[in-house]
Structure formats: structure tokens, C-alpha cells
Amino acid sequence: MAAGGGGIAPPAEADVLVLALALTPESRHVIGAAELALLPPDAVVVNVARGAHIDTDALVEALRDGTISAAGLDVTDPEPLPEGHPLWSDPRALITSHCADSAEYVMRMLCERIERNVRHLREGLPLEGVIDPATGY
């Protein structure tokens, strides 16, 4: 564990740090100023999970100071970013809309999972996608 956001210690040689994890109380601000400072100056941070995984103020500062070279954000905190937020005008920040799944794709995947889970239930096998309320996902 690193200082700052109480997050992870990314490898110092990481060219790209990709965040793809569930948002829980423990993973909120898992990447803060201390974690960003561990990355090389040419590193890129990509967040496709939840905006609150990254301390947004720390990210803005890391881009401004050259601590990292760029950020690709499919999610932000707050979401949506307010008009005039520094990330909108930073050419090293690529912000995309968080809409990777179409309704057709989601429905197909849901139907396939239901089919597998009915089969698993009949066969006494573990179900896919079981939610654990204690962990939050």
C-alpha cells in the first residue's frame, strides 16, 4: 500500500496504468498524488472503471506538473465534469463518454448468463455473477 490515497503502489516502470476494478470504500481514491508520483514521467493513466478511483485534484496536478504525461478517462469524479473543469482544456487528458455497452449487447450478454445460470442451477454448479452485498459488488 502506498501513502496518499491509501491505494496501490504502481510499478515504477509502468508505461500505462489501467484501472478496471469495482468501486468500494477501500478502492475510493486508490490512486492519489503519492501513487501518481511513483509512475515515470512518460506514464499514461487510464480509468475505465469508476471516477472515484482517482483523486481528480491529484490527477490535475500530476498532469500540470508533468508527473505523468497523459490520462485517458472513460469516467471522472465528479461525473460529468463541470463545464470549465481543468481536465476539459488539458490536451493531455482524453475524456470519452462512458457508454461502451449498447442495449443490444447488454441484452444478449444477460440472456446468455441467465441461460448458463439456469443450467448451473440444475447441475448444482456455482452461479455466475453472484453479488456479495458485504463487498459492494
Side-chain angles (χ1 to χ4, degrees):
M1 298 295 269
I8 58 168
E13 68 278 359
D15 293 322
V16 179
L17 175 64
V18 178
L19 296 162
L21 66 156
L23 182 62
T24 65
E26 295 80 19
S27 66
R28 179 172 294 279
H29 288 182
V30 70
I31 300 298
E35 293 76 25
L36 293 167
L38 295 172
L39 295 168
D42 60 344
V44 175
V45 174
V46 178
N47 190 359
V48 297
R50 296 291 180 253
H53 286 121
I54 298 177
D55 178 337
T56 302
D57 293 337
L59 179 64
V60 169
E61 285 301 314
L63 287 167
R64 185 176 295 145
D65 297 344
T67 304
I68 62 170
S69 68
L73 306 171
D74 188 48
V75 290
T76 59
D77 184 28
E79 193 166 54
L81 280 178
E83 189 174 324
H85 191 280
L87 287 173
W88 284 124
S89 59
D90 191 321
R92 295 156 301 168
L94 174 63
I95 302 169
T96 61
S97 60
H98 188 65
C99 60
D101 297 336
S102 66
E104 295 82 14
Y105 173 79
V106 169
M107 185 57 69
R108 181 173 55 82
M109 297 303 290
L110 177 62
C111 289
E112 289 172 4
R113 177 175 278 184
I114 290 170
E115 180 183 344
R116 284 190 306 273
N117 274 342
V118 168
R119 196 173 333 108
H120 286 189
L121 188 61
R122 286 183 187 156
E123 297 170 5
L125 298 171
L127 301 178
E128 294 180 21
V130 176
I131 297 170
D132 181 357
T135 60
Y137 60 94

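- Taking the side chain to side chain donor-acceptor pair (under 3.5 Å) definition, one finds that Asp90 meets it with Arg92, sequence neighbours left out.
- Note: the hydrophobic cluster containing Leu63 also contains Ile54 (ILVMFWY, side chain heavy atoms under 4.5 Å, direct or indirect links).
- One N or O on the side chain of Asn117 and one on the backbone of Glu128 form a donor-acceptor pair closer than 3.5 Å.
- Hydrophobic clustering of Ile, Leu, Val, Met, Phe, Trp and Tyr side chains at less than 4.5 Å, counting indirect connections, unites Val30 with Ile68.
- Between Leu36 and Ala62, the shortest heavy-atom contact is CD1-CB, 3.8 Å.
- Residues passing the side chain to side chain donor-acceptor pair (under 3.5 Å) test with Arg113: none are found, sequence neighbours excluded.
- The residue from Met109, Met107, Arg108 that alone fulfils the side-chain contact (heavy atoms from CB on, under 4.5 Å) condition with Cys111 is Met107.
- Looking at residues two or more places apart in sequence or on another chain, you find a salt bridge (charged side-chain N to carboxylate O under 4.0 Å, His left out) between Arg119 and Glu115.
- With sequence neighbours left out, the side chain to side chain donor-acceptor pair (under 3.5 Å) criterion links Glu79 to no other residue.
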Item to check | side-chain contact (heavy atoms from CB on, under 4.5 Å) between Asp77 and His29, intermediate numbers included | outcome: CA-CA 10 Å; Asp77 184 28; His29 288 182; 4.0 Å; yes

Checklist entry - Stepwise, does the side-chain contact (heavy atoms from CB on, under 4.5 Å) test hold for Asn47 with Thr76? => result CA-CA 8 Å; Asn47 190 359; Thr76 59; over 6 Å; no

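- Contact record, Val60 with His85: CG2-CE1, 3.8 Å, taken as the closest heavy-atom pair.
- Between atom CG of residue Asp55 and atom CZ of residue Arg28 there is a gap of 11.0 Å, rounded to the nearest 0.5 Å.
- A distance-only check finds no donor-acceptor pair linking the side chain of Trp88 to the backbone of Ile95 [under 3.5 Å].
- Closest non-hydrogen pair, Pro78 versus Pro82, comes out as CG-CD, 3.8 Å.
- Rounding to the nearest 0.5 Å gives a distance of 11.0 Å between CG of Leu94 and CG of Leu87.
- With sequence neighbours left out, Asp65 forms a salt bridge (charged side-chain N to carboxylate O under 4.0 Å, His left out) with no residue at all.
- For the pair Thr67 (side chain) and Ala37 (backbone), a donor-acceptor distance under 3.5 Å is absent.
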Which pairs would a plain distance check flag for residues 14-24, meaning a side-chain donor or acceptor within less than 3.5 Å of a matching protein atom at least two apart in sequence or in another chain?
unit_1 : atom_1 : unit_2 : atom_2 : d
Thr24  : OG1    : Glu26  : N      : 3.3
Thr24  : OG1    : Glu26  : OE1    : 3.2
Thr24  : OG1    : Ser27  : N      : 3.2
Thr24  : OG1    : Ser27  : OG     : 3.4

